[in-house]
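By convention here, the first residue in the shown sequence is residue 1.
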Amino acid sequence: ESSAFASRLAIIATFATALGKFINGTLVDVVGARRLLLLYGICTCCTLFVLRHVTTSNGAMVCCAAVEFCASILWPAAVVILGSHYVNETDGRFERG
């Protein structure tokens, strides 16, 4: 049963990460990177607190998926923040988001 749980958890976490990257890549440009980092950081903290108190495997999978979804904001937000910071650089290493 533990191997089945691990494989289901890996599938759900991967799907949540992919969905998060799809949604958050656009959302960062619309709403703003710093605001979303704050919001998703708070959501991650709340989800980890709930994960601490979950007693079922399905609840743990949902919490892990939520953490993966919230963590998927980090790279898009970092690119936008670095792009805003290095806006005057012309060598093309960072793109403005």
Side-chain angles (χ1 to χ4, degrees):
E1 181 179 312
S2 64
S3 64
F5 171 74
S7 63
R8 281 185 304 200
L9 180 60
I11 290 168
I12 290 172
T14 303
F15 178 72
T17 302
L19 183 66
K21 288 197 180 289
F22 178 72
I23 292 171
N24 295 330
T26 306
L27 200 58
V28 163
D29 292 331
V30 174
V31 177
R34 289 177 181 89
R35 268 187 234 126
L36 283 178
L37 278 174
L38 177 64
L39 177 66
Y40 278 43
I42 292 169
C43 290
T44 301
C45 291
C46 293
T47 303
L48 289 173
F49 180 77
V50 171
L51 179 61
R52 165 64 181 91
H53 299 289
V54 167
T55 58
T56 64
S57 61
N58 288 335
M61 283 192 282
V62 168
C63 287
C64 289
V67 168
E68 288 293 326
F69 179 84
C70 291
S72 69
I73 192 75
L74 295 175
W75 278 111
V79 168
V80 169
I81 290 172
L82 288 173
S84 298
H85 182 72
Y86 293 107
V87 70
N88 294 328
E89 297 289 326
T90 59
D91 60 2
R93 283 190 285 171
F94 295 105
E95 296 182 15
R96 182 173 169 86

Within one Ile-Leu-Val-Met-Phe-Trp-Tyr cluster: L38 and L74, side-chain cutoff 4.5 Å: no
Check: N24 and F69 side chains under 4.5 Å, non-hydrogen atoms: yes
Closest heavy-atom pair and its distance - S72, K21: OG-N, 3.6 Å
Heavy-atom closest pair, residues A65 and A16: O-CB, 3.3 Å
Non-hydrogen atoms of V54 and A60 that approach each other most closely: CG1-N, 3.4 Å
ILVMFWY network linking Y40 to L19, side-chain heavy atoms under 4.5 angstrom: yes
Cluster check F49, I42: I/L/V/M/F/W/Y, side chain < 4.5 angstrom: no
Heavy-atom check, side chain of V28 versus side chain of V79, under 4.5 Å: no
Heavy atoms from other residues, nucleotides or ligands near CZ of F22 exceed 12 (cutoff 6.0 Å): no
Euclidean distance, L48 CG relative to H53 NE2, rounded to 0.5 Å: 11.0 Å
Smallest separation among heavy atoms of C70 and I73, with atom names: O-CG2, 3.1 Å
Heavy-atom check, side chain of F5 versus side chain of M61, under 4.5 Å: yes
Gap between atom CZ of R8 and atom SG of C64 - 0.5 Å precision: 12.5 Å
I12-L51 co-clustered via ILVMFWY side chain contacts under 4.5 Å: no
Single-linkage hydrophobic cluster V31~L39, side-chain heavy atoms < 4.5 angstrom: yes
Side chain to side chain contact (heavy atoms under 4.5 Å, CB included), paired with V67, selected from T17, T47, V62: T47
